[in-house]
Student: 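Take this structure first; my questions come after.
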Amino acid sequence: MVTINHLVHTLFIFSIFQNSIATRRLTELVHDSTNLLQYHNGALLKGEISVNLIWYGNFKPSQKAIINDFITSIYTKSQTEPSVSTWWKTTQKYQTKLKKSNSLNLILSKQISDPKYSLGKSLTDEHLVRLASKGGSHNAVNVVLTASDVSVTDFCSSRCGSHGSAPSSPKTTKGKSYKFAYIWVGNSETQCPGQCAWPFHQPIYGPQAAPLVAPNNEVGADGMVINLASLLAGTATNPFGNGYYQGDASAPLEAASACPGVYGKGAYPGYAGDLLVDSTTGASYNAHGTNGRKYLLPALYDPSTSTCSTLV
C-alpha cells in the first residue's frame with residue numbers, strides 16, 4: 001500500500017483524492033503512458049444506457065441542476081466547443097480499438113431522492129449498493145450522490161467516489177438476473193474540499209496555489225462533476241472489472257485516473273493546466289455544456305495516441 005507521505009513526496013497526491021476507483025485506494029502512479037491501459041477481455045458499456053441518479057440527503061435545486069445538465073451535456077451535441085460531448089468521445093475510442101462499432105449513448109433517466117436519510121448519515125459500501133439498487137438494473141448506470149453532511153467509509157481519507165457493479169434482484173427483474181454498474185460520489189464541500197474539490201479549493205497536501213473559481217459557483221457540486229466525470233469514464237471502459245485498466249485489478253488505473261490532476265495543456269503537480277477563463281466571473285473551465293453551462297473536466301487517456309488528452 002502506498003502511504004500518503006509517499007504520495008506527497010512524489011507530488012501526485014491529487015490522483016488519490018480525485019480518481020479513487022472501485023472503492024479502493026489508487027496505488028499506481030503514472031510514469032510511462034506508452035501502451036498504458038491493457039484490455040482484459042471483458043465487456044464494455046454499449047448501446048443505450050440509462051443514467052439513474054439517487055440523491056441521498058439534502059441537495060439544493062441549483063446543485064441538482066448542475067449535475068443534471070452535465071449528464072445531459074454528454075449526449076447533447078449542439079454545444080459550443082470545446083464541449084462536454086467532445087470530451088466524452090474519447091471513451092468511444094476504446095470500442096474502436098477493439099475493432100467494434102458498438103456505440104454508447106448515456107441517457108439521463110430516473111431521479112430518486114432520499115432527503116430523510118433513510119440509512120442514516122454514516123454509510124458503508126453495503127449501504128451504497130443498497131441505494132444504487134433502487135435505480136434500473138438492465139442497461140443502466142446507477143449513480144449515488146451523497147450530500148455534504150453524509151459520511152461514507154474512506155470518504156476524504158482515500159477516495160472521493162468509487163464505481164463497481166452488483167447483481168440485480170430477480171424479484172425486480174421478472175426472474176432474470178442482470179449485473180448493473182454503479183457509481184458513488186460525495187459532496188466534499190464541508191468535509192474535505194481540499195482533497196475532493198481541488199482545484200476549486202486550496203489543497204491540503206502538495207504544492208500550494210490559489211484555488212480556481214468554480215464555473216458554476218458551487219465548490220461542492222463542481223467538485224462532484226469532476227469526480228463523476230472521472231468515474232463515468234472508468235465505468236464506460238471498465239464497468240465490471242475486466243475491461244481496460246492497468247495494474248492491480250483491486251486498485252486499477254483507468255481512463256481518467258491514468259491522467260491524475262491534468263485538466264489542460266501544461267499541467268503539472270499542483271497546477272491544473274492552461275484553462276479557459278470566463279471574462280465575467282473569472283471562473284476556470286475547459287468544456288461548454290447545455291443551458292450555457294461551463295465545466296472543468298479531467299483529461300482522459302486516449303488509446304489511439306497513448307497520451308492524456310485534454311480539451312484545451
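Basis for what follows: all heavy atoms, side chains included, without hydrogens, waters or symmetry-related copies.
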Student: About how many Å separate CZ of Phe240 and CG of Leu45, when rounded to the nearest 0.5 Å?
Tutor: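 It is 6.0 Å, given to the nearest 0.5 Å.
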
Student: For the residue pair Tyr271 and Tyr263, establish whether any side-chain heavy-atom pair is separated by less than 4.5 Å.
Tutor: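 No, too far: nothing below the 4.5 Å cut-off.
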
Student: Do any N or O atoms from the side chain of Tyr56 and from the backbone of Leu119 form a donor-acceptor pair under 3.5 angstrom?
Tutor: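 Flag set: sc Tyr56 to bb Leu119 pair under 3.5 Å.
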
Student: On a heavy-atom basis, which atom in Phe70 and which in Val84 lie closest, and how many Å separate them?
Tutor: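 Of all heavy-atom pairs spanning Phe70 and Val84, the closest is CE1-CG1, 3.8 Å.
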
Student: Leu44 vs Leu104, test: side chain to side chain contact (heavy atoms under 4.5 Å, CB included). Steps then yes/no.
Tutor: CA-CA 9 Å; Leu44 308 187; Leu104 169 61; over 6 Å; no

Student: Test your reading of the model: is there a side-chain donor-acceptor pair from Asn227 to the backbone of Cys196, 3.5 Å cut-off?
Tutor: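 At least one qualifying donor-acceptor pair exists.
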
Student: Can you list the steps and then say if His201 with Gln195 is a side chain to side chain donor-acceptor pair (under 3.5 Å)?
Tutor: CA-CA 8 Å; His201 190 280; Gln195 290 106 315; over 6 Å; no

Student: Mind checking whether Tyr295 and Val262 sit in one hydrophobic cluster, side chains of I, L, V, M, F, W, Y counted as touching below 4.5 Å?
Tutor: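 Cluster IDs for Tyr295 and Val262 differ.
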
Student: Measuring only between side-chain heavy atoms, which start at C-beta, is Ile54 closer than 4.5 Å to Lys110?
Tutor: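 Heavy-atom side-chain distance check fails, nothing below 4.5 Å.
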
Student: Between Thr76 and Ser73, does a side chain to side chain donor-acceptor pair (under 3.5 Å) hold up when you go through it step by step?
Tutor: CA-CA 5 Å; Thr76 302; Ser73 298; over 6 Å; no

Student: Any side-chain to backbone donor/acceptor pair from Ser118 onto Asp114? Under 3.5 Å, distance only.
Tutor: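 Checking the backbone N and O of Asp114 against the side chain of Ser118, no donor-acceptor pair under 3.5 Å is found.
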
Student: Between Ser306 and Asp302 (side chain of the first, backbone of the second, donor and acceptor by atom type, cut-off under 3.5 Å), is there such a pair?
Tutor: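 No, because the side chain of Ser306 does not come within donor-acceptor range (under 3.5 Å) of the backbone of Asp302.
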
Student: Just grab all the salt bridge (Lys or Arg N to Asp or Glu O under 4.0 Å) pairs involving residues 129-149, residues at least two apart or on different chains.
Tutor: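 Those involving residues 129-149 are Lys121-Asp149.
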
Student: Got Lys97 and Ser304 here, is their nearest side-chain heavy-atom distance under 4.5 Å?
Tutor: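 Lys97 does not reach Ser304 side chain to side chain.
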
Student: Using a strict 4.0 Å threshold on nitrogen-to-oxygen distance, state whether Arg293 and Asp69 make a salt bridge.
Tutor: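 A salt bridge links Arg293 with Asp69.
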
Student: Given side chain to side chain donor-acceptor pair (under 3.5 Å), test Asp248 with Ser250 step by step and report yes or no.
Tutor: CA-CA 5 Å; Asp248 191 327; Ser250 66; 2.9 Å; yes

Student: Taking side-chain hydrogen bond (donor to acceptor under 3.5 Å, both in side chains) as the test, write out the residues that go with Tyr39, two or more places apart.
Tutor: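 Scan of Tyr39 (side-chain hydrogen bond (donor to acceptor under 3.5 Å, both in side chains), adjacent residues dropped) gives none.
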
Student: Look only at the side chain of Asn242 and the backbone of Asn238, and say whether a donor-acceptor pair between them is shorter than 3.5 Å.
Tutor: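 No, the answer is negative, given that no donor and acceptor are paired below the 3.5 Å cut-off.
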
Student: Is a donor on one side and an acceptor on the other found under 3.5 Å between the side chain of Asn68 and the backbone of Lys64?
Tutor: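 Checked: pair present.
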
Student: Tyr245 vs His40, test: ring-ring contact (aromatic ring centres under 6.0 Å, His included). Steps then yes/no.
Tutor: CA-CA 8 Å; Tyr245 69 87; His40 294 80; 3.8 Å; yes

Student: Under the side chain to side chain contact (heavy atoms under 4.5 Å, CB included) rule, collect the residues that match up with Gln191, sequence neighbours excluded.
Tutor: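 Once residues adjacent in sequence are excluded, the partners of Gln191 under the side chain to side chain contact (heavy atoms under 4.5 Å, CB included) criterion are Ser151, Phe155, Cys156.
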
Student: Answer yes or no: is there a side-chain heavy-atom contact under 4.5 Å between Trp88 and Ser83?
Tutor: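 With C-beta onward as the side chain, the pair stays apart.
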
Student: I'd like to check Val185 versus Leu231 (side-chain heavy atoms, cut-off strictly below 4.5 Å). Are they in contact?
Tutor: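 SC-SC contact between Val185 and Leu231 confirmed.
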
Student: Taking C-beta and beyond as the side chain, do Val312 and Asp274 meet within less than 4.5 Å on heavy atoms?
Tutor: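 Sidechains of Asp274 and Val312: no contact.
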
Student: For atom CD of Glu126, is the number of surrounding heavy atoms from other residues, nucleotides or ligands below 6.0 Å larger than 12?
Tutor: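 Not buried by this count: 12 neighbours or fewer within 6.0 Å.
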
Student: Measuring from Leu128:CG to Trp184:CH2, what's the distance to the nearest 0.5 Å?
Tutor: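 The CH2 atom of Trp184 is 6.5 Å from CG of Leu128, to the nearest 0.5 Å.
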
Student: Could you tell me whether the side chain of Val213 reaches within less than 4.5 Å of the side chain of Phe200, counting heavy atoms only?
Tutor: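 Side-chain contact under 4.5 Å: no.
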
Student: Can you check side chain to side chain donor-acceptor pair (under 3.5 Å) on Asn105 and Glu48, steps first, answer last?
Tutor: CA-CA 5 Å; Asn105 300 308; Glu48 186 167 301; 5.4 Å; no

Student: Closer than 3.5 angstrom, by distance alone: can the side chain of Ser50 be matched with the main-chain N or O of Asn52 as a donor-acceptor pair?
Tutor: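 Not confirmed, Ser50 side chain does not pair with Asn52 backbone.
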
Student: Is the closest side-chain heavy-atom distance between Met224 and Leu228 below 4.5 Å?
Tutor: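 With C-beta onward as the side chain, the pair stays apart.
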
Student: Would the distance check show the side chain of Asn216 and the main-chain N or O of Asp222 forming a donor-acceptor pair, the cut-off being under 3.5 Å?
Tutor: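 Side chain of Asn216 to backbone of Asp222, a donor-acceptor pair under 3.5 Å: no, none is there.
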
Student: Strictly distance-based, threshold 3.5 Å: is any side-chain N or O of Gln246 a donor or acceptor partner for the main-chain N or O of Ala258?
Tutor: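 No; zero donor-acceptor contacts below 3.5 Å.
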
Student: Please check if the side chain of Tyr301 supplies one atom and the backbone of Ala256 the other of a donor-acceptor pair under 3.5 Å.
Tutor: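 Not at all, since once roles are kept as given, no pair shorter than 3.5 Å links the two residues.
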
Student: Does Ile107 share a hydrophobic cluster with Val51, counting links as ILVMFWY side-chain heavy atoms below 4.5 Å and allowing steps through other members?
Tutor: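 The answer is yes; both residues are in one hydrophobic cluster.
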
